[in-house]
2 protein chains.
Amino acid sequence: MAESFTERFQQLCREKNLAVTHQRLVIYREVMQMHNHPSPEQVYDRVKPELPSISLATVYKTLHTFVETGLIREVSPHHGSMRIEPNEHRHPHFLCLQCRAITDLSDHELDFAALKASVPAGFQVEHVSTEVRGICGNCLAKNAAQAPN
Amino acid sequence: MAESFTERFQQLCREKNLAVTHQRLVIYREVMQMHNHPSPEQVYDRVKPELPSISLATVYKTLHTFVETGLIREVSPHHGSMRIEPNEHRHPHFLCLQCRAITDLSDHELDFAALKASVPAGFQVEHVSTEVRGICGNCLAKNAAQAPN
DNA sequence: TGCTAAACGATAATTATTATCGTACTCTCA
DNA sequence: TGAGAGTACGATAATAATTATCGTTTAGCA
């Protein structure tokens with residue numbers, strides 16, 4: 001028989017070593033139903049009716065926990081501080097999720113035509129950017145030094 | 001003969017209808033020499049020796065002016081707030097520079113192999129994302145309604 | 001050179017996020 | 001099933017990033 005959403009969430013949490021709390025369940029359920037890239041504030045507003053006593057801080061902490069364990073993803077890992085691109089010509093970036101450093105990647109040819117074709121009619125395209133996220137060499141080395149196995 | 005950097009900057013400002021001020025000249029010159037995606041704070045530190053009385057607010061205002069007129073670009077225009085991606089499968093985003101709305105684009109095939117090949121050795125790739133920036137249909141319509149010509 | 005509008009600098013205010021700390025809940029094991 | 005340990009929660013203070021305000025200064029132009 002089909003397992004319930006709750007059972008699936010409990011299973012997920014067990015895999016990730018997370019305590020199953022009512023707040024986490026509700027936040028996860030609601031986020032999965034919001035198909036428009038919500039901010040923490042918007043998630044808070046959404047769960048508030050069901051969890052009237054929840055704190056915004058809990059929403060932040062829970063979202064971070066989910067991102068860290070991979071239950072959800074962040075659309076933009078570099079908010080928080082504006083970053084300037086002095087370089088004129090088009091090139092992709094590598095963004096380190098640990099130290100936030102941005103590294104220019106050498107130019108390459110993506111299929112921009114196909115990409116632009118996927119933009120809804122009536123939208124005005126201004127710039128296309130590609131980004132690779134991960135952990136940079138520096139951080140990997142640092143991590144290895146700290147936790148040798 | 002070759003025109004000086006100052007002359008070129010004055011020319012640029014004239015094209016964009018910007019007053020040529022000493023602060024703007026210095027900020028522009030320094031930003032163009034920083035090849036590592038600086039934050040406003042870092043730009044401030046960099047120009048401070050030459051402009052001891054400059055205010056951090058001026059750096060912010062100047063950078064915004066430059067971004068608006070297209071003299072420089074912002075690496076990440078995601079508005080100061082974390083955004084969640086509930087969607088599991090890979091797809092590109094359209095980001096409206098005016099209202100900051102994020103729209104999912106339908107999936108398409110980019111040359112991810114070539115892109116990954118451009119990542120420096122020793123970096124760990126976690127996720128590749130593509131983003132198209134521009135003005136969404138809503139905002140375009142709104143703008144047209146406000147300023148019909 | 002003198003006027004007008006825009007830019008600057010100082011600083012207060014706002015917004016987004018994180019830290020702290022006492023209380024409450026989950027999980028495990030007897 | 002109940003007690004204890006440890007994690008999570010809620011309230012709120014603190015911090016970081018950014019923006020607004022306002023009086024003074026400067027650039028652009030007649």
Side-chain angles (χ1 to χ4, degrees), chain A residues 6-7 9-28 30 37-45 47-69 71 74-84 97 99-100, chain B residues 6-7 9-28 30 37-45 47-69 71 74-84 97 99-100:
Chain A
T6 302
E7 282 162 355
F9 181 70
Q10 290 172 335
Q11 178 58 30
L12 262 177
C13 286
R14 220 163 286 124
E15 285 169 19
K16 310 286 189 178
N17 268 331
L18 292 181
V20 179
T21 69
H22 187 210
Q23 289 88 336
R24 284 177 177 168
L25 173 65
V26 173
I27 290 174
Y28 185 70
E30 292 307 312
H37 312 88
S39 65
E41 192 85 31
Q42 289 172 310
V43 173
Y44 176 71
D45 290 343
V47 300
K48 188 89 183 176
E50 189 163 353
L51 304 169
S53 72
I54 198 172
S55 160
L56 179 56
T58 300
V59 173
Y60 269 96
K61 279 182 285 196
T62 304
L63 291 178
H64 276 137
T65 303
F66 286 173
V67 168
E68 273 161 31
T69 56
L71 287 194
E74 218 178 317
V75 172
S76 171
H78 39 190
H79 55 271
S81 168
M82 177 187 192
R83 296 298 203 89
I84 292 305
L97 294 169
C99 69
R100 305 270 172 156
Chain B
T6 303
E7 281 162 355
F9 181 69
Q10 290 171 336
Q11 178 57 30
L12 263 176
C13 287
R14 220 164 284 126
E15 285 170 18
K16 309 287 191 181
N17 268 333
L18 291 182
V20 179
T21 68
H22 187 208
Q23 289 86 338
R24 284 178 176 167
L25 172 64
V26 173
I27 290 174
Y28 186 69
E30 292 307 313
H37 312 89
S39 66
E41 191 85 30
Q42 290 173 310
V43 173
Y44 175 71
D45 290 342
V47 300
K48 189 87 184 178
E50 190 164 352
L51 304 169
S53 71
I54 199 172
S55 161
L56 180 56
T58 299
V59 173
Y60 270 96
K61 279 181 284 195
T62 304
L63 291 177
H64 276 137
T65 303
F66 286 172
V67 168
E68 272 160 30
T69 56
L71 287 196
E74 218 178 316
V75 173
S76 169
H78 294 268
H79 189 64
S81 159
M82 176 186 191
R83 296 298 203 88
I84 292 305
L97 294 170
C99 69
R100 309 280 174 165

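Remember, it's a predicted structure, so these values are computed and weren't measured experimentally. In what follows, chains are A, B, ... by sequence order, proteins preceding strands, each numbered from 1.
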What is the distance from OH of A/Y44 to P of C/dT17, rounded to the nearest Å? 15 Å
A/L25 versus A/V20: any side-chain heavy-atom pair under 4.5 Å? no
What residues, two or more places apart in sequence or in another chain, satisfy side chain to side chain donor-acceptor pair (under 3.5 Å) together with A/Y44? A/K48
Partner set under salt bridge (Lys or Arg N to Asp or Glu O under 4.0 Å) for A/E74, not counting sequence neighbours: none
For B/R24, which residues count as a side-chain contact (heavy atoms from CB on, under 4.5 Å) partner, sequence neighbours excluded? B/F9, B/L18, B/A19, B/T21, B/T62, B/T65, B/F66
Quick one: side-chain contact (heavy atoms from CB on, under 4.5 Å) partners of B/E30, sequence neighbours excluded? B/V26, B/Q33, B/R46, B/V47, B/E50
Between the main-chain N or O of A/H37 and the side-chain N or O of B/R83, is there a donor-acceptor pair closer than 3.5 Å? yes
Between A/E68 (CD) and D/dT7 (P), how many Å, whole number? 15 Å
Rounded to whole Å, please give me the gap between NE2 in A/H64 and C1' in C/dA19. 13 Å
Report, as a single string ordered 5' to 3', how protein heavy atoms within less than 4.0 Å touch nucleotides 5-15 of chain C: B base, S sugar-phosphate only, - not at all. --SSBBB----
Does A/Y60 place a side-chain N or O at less than 4.0 Å from the phosphate oxygens OP1/OP2 of C/dT17? yes
Start at the 5' end of DNA chain D and walk down; is the nucleotide closest to A/S81 or to B/V20 reached first? A/S81
Ring pair (Phe, Tyr, Trp, His ring centres under 6.0 Å) involving A/Y60 - partner list, sequence neighbours excluded: none
Those residues that, when tested against A/S39, pass side chain to side chain donor-acceptor pair (under 3.5 Å) (two or more places apart): A/Q42
What nitrogen or oxygen pairs link the protein and nucleotides 1-6 of chain D at under 3.5 Å?
none

Rounded to whole angstrom units, what separation is found between the CZ atom of A/R14 and the C1' atom of D/dT7? 17 Å
Angle by which the axis turns from one end of the helix from C/dT1-D/dA30 to C/dA30-D/dT1 to the other, five pairs per end, to 10 degrees: 40°
Roughly, in whole Å, what's the span from CZ in B/R100 to C1' in C/dA16? 14 Å
Please list, chain by chain and in numerical order, all residues satisfying side-chain contact (heavy atoms from CB on, under 4.5 Å) with A/L12, sequence neighbours excluded. A/E15, A/Y28, A/L71
Can you list the residues that meet the salt bridge (Lys or Arg N to Asp or Glu O under 4.0 Å) rule with B/E68, with sequence neighbours excluded? none
Residues which pass salt bridge (Lys or Arg N to Asp or Glu O under 4.0 Å) with B/E41, listed by chain and number, not counting sequence neighbours: none
Measure from CD on A/E50 to C1' on D/dC9 and round the result to the nearest Å. 17 Å
